[in-house]
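Residue numbers start from 1 in every chain, and the chains themselves are labelled A, B, ... in the order their sequence lines are given, proteins ahead of strands. Heavy-atom basis, side chains included; hydrogens, waters and symmetry copies ignored. In this text the structure is predicted, and so the values were computed from the model without any measurement.
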2 protein chains.
Amino acid sequence: MNEPIRRARTGERREQILDVALRLFGERGAGSVTTRQIAQAVGISQPSLYAHFATADAIADELCVRAFDVLHTRFEAMAAAVTDPWDRLDALGRAYIEFGLEHPDMYRIAFMPTRQMQPPQGMTFDLETTDPGLAAGLRAFASLRDTIATIRGGDDGEGPVIAQTIWALVHGLTSLLISKPYFPWAQRERLIAEVLIMARVHLASRRIA
Amino acid sequence: MNEPIRRARTGERREQILDVALRLFGERGAGSVTTRQIAQAVGISQPSLYAHFATADAIADELCVRAFDVLHTRFEAMAAAVTDPWDRLDALGRAYIEFGLEHPDMYRIAFMPTRQMQPPQGMTFDLETTDPGLAAGLRAFASLRDTIATIRGGDDGEGPVIAQTIWALVHGLTSLLISKPYFPWAQRERLIAEVLIMARVHLASRRIA
DNA sequence: GATGATAGGCTATCGACGATAGGTCTTCAA
DNA sequence: TTGAAGACCTATCGTCGATAGCCTATCATC
C-alpha cells in the first residue's frame with residue numbers, strides 16, 4: 001500500500017538538508033521556502049531531496065519535532081531544578097511562551113497547521129505518525145501538566161480540564177504574539193507575567209482541600 | 001459546448017462566487033480549495049474569477065470579514081440585551097468560542113495565518129488593508145473588551161493587559177479545539193465553562209477598589 | 001579481479017497551482 | 001449607430017511538489 005520512503009533515512013546529507021532548511025525557514029519564513037531553494041542551498045538537485053525525505057512537509061515536521069524535543073529536555077531539567085511547584089509552574093510557563101517566540105515557525109507548524117487533520121483511520125491511530133508536531137509538543141507540555149497535578153495534590157477528576165485550560169491560556173498568548181506581531185500589544189513582559197498570575201490564581205481557586 | 005449565457009447583473013456573480021467558495025471551504029477545508037474548483041462549481045472559467053477578485057486570497061479574506069461582521073452584530077445585540085456585566089462576559093466569551101468552532105475556516109484565516117505578516121510600510125499602515133481578517137475579528141472583540149472595562153469600573157492603566165490576557169485565554173481554547181480536534185480533550189462544555197470561570201476569577205482579583 | 005547490491009545522485013517530465021495576456025461578445029448610453 | 005466598458009473566453013506562463021528512469025561510486029562476496 002504505502003511504500004514510505006525509497007532510501008534509507010540515515011546519512012550526513014540528511015542532516016545537512018535539515019540544517020539548511022532550518023536556516024532558510026528562519027530567513028524567509030517556513031511557508032515560503034520551496035524544495036528547490038533548499039536543494040540549491042545544499043548543492044544538490046531538487047528531486048534528490050526525495051531520497052532523504054518522503055515529502056516536503058516531512059522536512060518541516062522533523063525540524064519541528066527536534067525543536068520541541070529540545071524544549072522537552074529543558075523542561076525536564078527545570079522540573080528537577082526548581083523544587084517549589086508554584087515557582088516551577090512559573091518557570092515552565094514562561095519557558096513555554098518564550099520557546100514559541102524564539103521558534104515561531106516550529107510553533108506554527110506544530111499548533112497552527114495549514115491543512116486539516118485527517119480523522120484517525122481505524123484502530124491504527126498513532127499520534128506520532130499522524131501529527132508528529134503535536135506529539136512532540138505534548139511531550140514538552142507533560143511537564144507542565146505534571147506540575148499542575150503536584151500543586152493540586154490529588155486527583156478529583158478535574159485535573160485534565162484544569163491542565164488543558166491552562167495550556168489553552170499559555171498557548172493563546174504565544175499563538176497571538178506570533179501570528180499578530182503588529183497588533184498594539186501591551187508590553188510583552190507584562191502580558192507574560194499577567195498570564196502566569198492568571199494561571200496561579202485559577203489553580204489556587206481549584207486546589208483540593 | 002457553448003450554451004448562451006444569460007449575464008448576471010453586476011455584483012450578482014461576485015456574490016455567487018462567494019457563496020460557492022463558502023460551501024466548498026466547508027466541504028473540503030479552506031486550504032485545499034483551488035480557484036479552478038470554485039470556477040467550475042460556479043460555471044465559469046478559472047481566469048474569470050480575476051474579474052471579480054484581485055487574488056485568490058481575496059475571496060477567503062472577504063468571507064472572513066463577513067463572518068466576523070456577523071459575530072460583531074451578534075455581540076452588539078448581546079451587549080444590549082444582557083445588562084449584568086458578569087453575565088455579559090460569560091455570554092460574549094461563550095459566543096466567541098462557539099463562533100470559532102462553527103466557522104473554523106474563517107477563524108483560521110483570521111487568527112492562524114499561514115504566511116508571515118509583512119511589516120507595516122511607512123506611515124500609511126492601515127489594519128483594514130493589511131490584515132482585514134484581524135480587523136474584523138477585533139471589531140467583534142471590542143465588545144468583550146468594553147465589558148471587561150465596565151466590570152473593572154475604572155482605568156488604572158491595567159485595562160489593556162487584562163483584556164489582552166483574557167482574549168489570549170479565549171482564543172487559546174478556540175484555536176486548540178480547532179487545530180487539534182483529535183486530541184483527547186475533556187468534555188468540550190466543561191472546558192468552555194472552565195475558561196469562563198478562569199476569566200471571572202482573574203477579573204475579580206484585578207478589580208479596581 | 002569480476003559481480004551485483006545499494007546508496008545517492010542526475011535529467012526529464014508530470015499534473016496542478018495562481019496568475020496574465022489578449023481577443024470576443026453583450027450591454028447600454030451618447 | 002456606435003463605441004466604451006464589463007464580463008467572459010482560450011491560451012499560456014512560471015513555479016510548485018512529486019515521479020520515472022538512468023548513471024556512478026562503493027563495497028562485500030565469490
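- Phosphate proximity of C:dG9 to A:Ser45: absent, as no side-chain N or O sits under 4.0 Å from OP1 or OP2.
- When the side-chain nitrogen and oxygen atoms of B:His52 are compared with OP1 and OP2 of D:dG6, none of them lie within a distance under 4.0 Å.
- Following rounding to the nearest Å, B:Ile44 (CD1) and D:dT10 (C1') show an atom-to-atom distance of 14 Å.
- Of the candidate nucleotides C:dC17, D:dG17, D:dC9, C:dC17 has the atom lying nearest to any side-chain atom of B:Thr34.
- A close approach under 4.0 Å does occur between a side-chain nitrogen or oxygen of A:Arg13 and OP1 or OP2 of C:dG9.
- Under the side-chain hydrogen bond (donor to acceptor under 3.5 Å, both in side chains) criterion, the residue pairs touching residues 29-40 of chain A are A:Thr35-A:Gln46, with sequence neighbours excluded.
- How far CE of B:Met78 is from CG of B:Leu144: 11.0 Å, rounded to the nearest 0.5 Å.
- Looking at residues two or more places apart in sequence or on another chain, you find no salt bridge (Lys or Arg N to Asp or Glu O under 4.0 Å) involving B:Arg74.
- Look at CZ on A:Arg14: it is 14 Å from P on C:dA7, rounded to the nearest Å.
- Distance, A:Ile59 CD1 to D:dC16 C1': 14 Å, rounded to whole Å.
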Could you list, one pair per line, each protein nitrogen or oxygen that sits under 3.5 Å from a nitrogen or oxygen of nucleotides 19-23 of chain C, together with the distance?
| from | atom 1 | to | atom 2 | distance (Å) |
| --- | --- | --- | --- | --- |
| C:dA19 | OP2 | B:Tyr50 | OH | 2.6 |
| C:dA19 | OP2 | B:Ala56 | N | 2.8 |
| C:dA19 | O5' | B:Tyr50 | OH | 3.4 |
| C:dA19 | N7 | B:Gln46 | NE2 | 2.9 |
| C:dA19 | N6 | B:Gln46 | OE1 | 3.0 |

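- Partners of A:Ile197 according to the side chain to side chain contact (heavy atoms under 4.5 Å, CB included) rule, which considers only residues two or more places apart in sequence or in another chain, are A:Val201, B:His202, B:Arg206.
- Taking the salt bridge (Lys or Arg N to Asp or Glu O under 4.0 Å) definition, one finds that B:Asp69 meets it with B:Arg139, sequence neighbours left out.
- Between the CD atom of A:Gln40 and the C1' atom of C:dG9 there is a distance of 17 Å, given to the nearest Å.
- Atom pair A:Leu49:CG and C:dC10:C1' shows a separation of 13 Å (rounding to whole Å applied).
- With rounding to whole Å, B:Arg28 atom CZ is found 14 Å from C:dA16 atom C1'.
- Spacing between atom CD of A:Gln37 and atom P of D:dT15 amounts to 11 Å, rounded to whole angstrom units.
- When ring centroids are compared, B:Phe141 and B:Phe75 stay outside the 6.0 Å threshold.
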For a quick test of your reading: what N or O donor-acceptor pairs under 3.5 Å do the side chains of residues 158-171 of chain A make, sequence neighbours left out?
| from | atom 1 | to | atom 2 | distance (Å) |
| --- | --- | --- | --- | --- |
| A:Glu158 | OE2 | B:Arg190 | NH2 | 2.7 |
| A:Gln164 | OE1 | B:Ala186 | N | 2.9 |
| A:Thr165 | OG1 | A:Val161 | O | 2.6 |
| A:Trp167 | NE1 | A:Tyr96 | OH | 3.2 |
| A:His171 | ND1 | A:Tyr107 | OH | 2.7 |
| A:His171 | NE2 | B:Ser175 | OG | 2.9 |

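- The phosphate of D:dA7 has neither OP1 nor OP2 within less than 4.0 Å of any side-chain N or O from B:Ser48.
- Taking atom CZ of A:Phe53 as the reference point, atom P of C:dG8 lies 12 Å away to the nearest angstrom.
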